[in-house]
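Written out below as structure tokens is the structure these notes cover.
Reckoned from all heavy atoms, side chains included, excluding hydrogens, waters and symmetry mates. Quick caveat: nothing in here was measured; it's all calculated off a predicted structure. To find a chain, count down the sequence lines: A is the first, B the second, and so on, and within it residues start at 1.
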Number of protein chains: 2
Amino acid sequence: MPAPVLTTRGAATRRRIVTVASDLVAEKGLVQLSLDDVCERAKVSKGQLYHYFASRGALVTALTEHVVTEVLDLQSPLFAQLDTLAGLQFWVSAVVQYHARRGARGGCPIGSLISQLDRGDEASRAVIARGFQQWGDALEEGLATMVRSGHLDDSIDPAYEARLLVIALEGGLLLTDVYRSTIWLREALDARLQHLRLHLASARV
Amino acid sequence: MPAPVLTTRGAATRRRIVTVASDLVAEKGLVQLSLDDVCERAKVSKGQLYHYFASRGALVTALTEHVVTEVLDLQSPLFAQLDTLAGLQFWVSAVVQYHARRGARGGCPIGSLISQLDRGDEASRAVIARGFQQWGDALEEGLATMVRSGHLDDSIDPAYEARLLVIALEGGLLLTDVYRSTIWLREALDARLQHLRLHLASARV
DNA sequence: TATTGACTGGACTCTGCAGTCCATTTATGA
DNA sequence: TCATAAATGGACTGCAGAGTCCAGTCAATA
């Protein structure tokens with residue numbers, strides 16, 4: 001807890017633990033995450049694990065942070081192009097394709113975590129909340145740019161539309177997991193895009 | 001497995017087990033469900049539990065079925081009035097209020113289950129899928145009636161809109177759980193309603 | 001009333017897993 | 001080169017929870 005001093009080697013080990021843990025979560029779900037499994041795959045001893053993390057809960061929070069930044073970083077090149085509808089459409093396609101490749105299993109890497117968290121793990125929940133906030137911010141920024149540049153008419157509220165996109169994303173991914181099909185996700189996001197299309201400034205003619 | 005013969009007493013015991021189990025899930029989540037807890041609260045012995053269920057997994061599937069029918073039954077009076085926009089609006093308010101009362105915790109009683117299921121529990125997943133299907137069907141039926149009666153213009157696809165409502169519901173509830181606030185849910189559902197409002201036949205004037 | 005099978009009680013086993021402990025190794029910097 | 005602290009290995013503890021076993025009870029029916 002009180003920020004243990006880390007050497008370069010120590011930091012690497014810690015990082016390896018977190019990475020392995022989040023990989024295992026991606027494979028088997030947070031529920032099935034066992035510290036022994038983490039140790040085995042990360043080639044690390046129990047002593048090391050508890051040298052770097054005070055408890056299982058601490059590791060879970062760290063791993064959650066890792067998943068959030070990983071998911072967001074992966075999309076950052078796409079986020080940079082969210083200032084046109086084509087860019088937004090491309091992002092949608094990429095997200096759908098990503099989950100199609102994964103066999104439409106597991107839902108949202110971030111969103112699926114909340115219900116698997118221990119009741120009372122406020123730390124991890126806060127991390128997830130911040131993650132969605134950032135996700136929404138990226139979308140909002142793109143939309144705001146479109147409004148400012150006149151691509152979208154100013155009846156569009158970027159923050160509001162961004163929230164609806166995040167909700168469509170999460171709802172779509174949940175149903176994707178239930179039905180093992182990405183059509184739900186695609187439909188949900190496309191519906192939001194369709195709505196935006198109706199507010200293209202050029203369509204105002 | 002091969003449908004054990006149940007007496008009246010046996011059926012009551014079995015029912016009690018399932019009810020208690022789903023109550024415990026509502027309180028602490030599926031992840032935290034322990035068979036010992038179930039036995040204790042249901043005033044039932046281990047022997048009884050395994051007399052009625054082949055395994056923990058079998059109980060989970062049964063409990064999932066119970067949750068699904070409970071959630072759907074609770075809404076059936078509202079489902080009956082889904083053939084007007086006012087009825088739909090009332091349903092939305094009721095859903096939002098329901099989750100507000102629960103402290104905006106736990107997300108959707110049904111939807112939150114999938115990510116907590118054992119990977120490979122296809123039986124329970126199928127139950128959930130059927131549940132969402134029914135939920136969507138109820139919404140679709142209301143919308144279809146509105147289209148037929150001319151309340152909504154026929155550019156509205158009832159099945160499509162019903163799916164989008166279910167997605168908004170699930171996404172909204174997931175974010176509700178993350179942020180401990182129902183505004184996400186309300187916003188998501190209201191947005192769908194708003195869209196429908198634009199297609200009211202009377203608005204075509 | 002005797003037999004059969006559902007039903008019940010609860011002790012018991014076994015295992016997987018979180019967390020502890022401590023001895024040993026490695027690095028560094030005074 | 002010696003002291004110190006980080007880093008590591010891994011055996012060990014303790015427990016909770018799934019699943020077993022079997023002896024005993026209840027109820028219907030022949």
Tell me: CG of A:L49 to P of D:dA7, nearest whole Å?
14 Å

Please report the distance, rounded to the nearest Å, between CZ in A:R14 and C1' in D:dT8.
17 Å

Take the protein atom CZ of B:F53 and the nucleotide atom C1' of C:dC7, then report the distance between them rounded to whole Å.
14 Å

Taking the side chain as everything from C-beta on, heavy atoms only, tell me whether A:R197 gets closer than 4.5 Å to A:L200.
yes

Side chain A:E187, main chain A:W184, donor-acceptor under 3.5 Å:
no

Please determine if a side-chain N or O atom of B:T13 lies less than 4.0 Å away from the OP1 or OP2 oxygen of C:dC7.
no

Within a strict 4.5 Å, meaning less than it, do heavy atoms of the A:D118 and A:V60 side chains meet?
no

If you compare every side-chain N and O of B:Y52 against the phosphate oxygens of C:dT8 (OP1, OP2), does one of them come in below 4.0 Å?
yes

Find every protein N or O atom lying less than 3.5 Å from an N or O atom of nucleotides 25-30 of chain D, and list the pairs.
none

Rounded to the nearest Å, what distance is computed from the CD atom of residue A:E40 to the P atom of nucleotide D:dG10?
13 Å

Heavy-atom check, side chain of B:E170 versus side chain of A:E170, under 4.5 Å:
no

Salt-bridged, B:K28 to B:D37, with N to O below 4.0 Å?
yes

When the distance from CG of B:L6 to P of C:dT8 is rounded to whole Å, what number comes out?
10 Å

Considering residues at least two apart in sequence or located in another chain, which fulfil the side chain to side chain donor-acceptor pair (under 3.5 Å) criterion with A:S181?
none

Could you tell me the separation between the CG atom of B:L198 and the CG atom of B:L193, rounded to the nearest 0.5 Å?
11.0 Å

Any chance you could list the contact pattern along nucleotides 9-24 of chain C? Use B for base contacts, S for sugar-phosphate-only contacts and - for none, protein heavy atoms under 4.0 Å, 5' to 3'.
BBB-----BBBBB---

Roughly how far, to the nearest 0.5 Å, is the CD atom of B:Q134 from the CD atom of B:Q75?
11.5 Å

Contact under 4.0 Å: B:T7 side-chain N or O vs C:dC7 OP1/OP2:
yes

Please examine the side chains of A:I156 and A:H195, heavy atoms only from C-beta on, and report whether any two atoms are closer than 4.5 Å.
yes

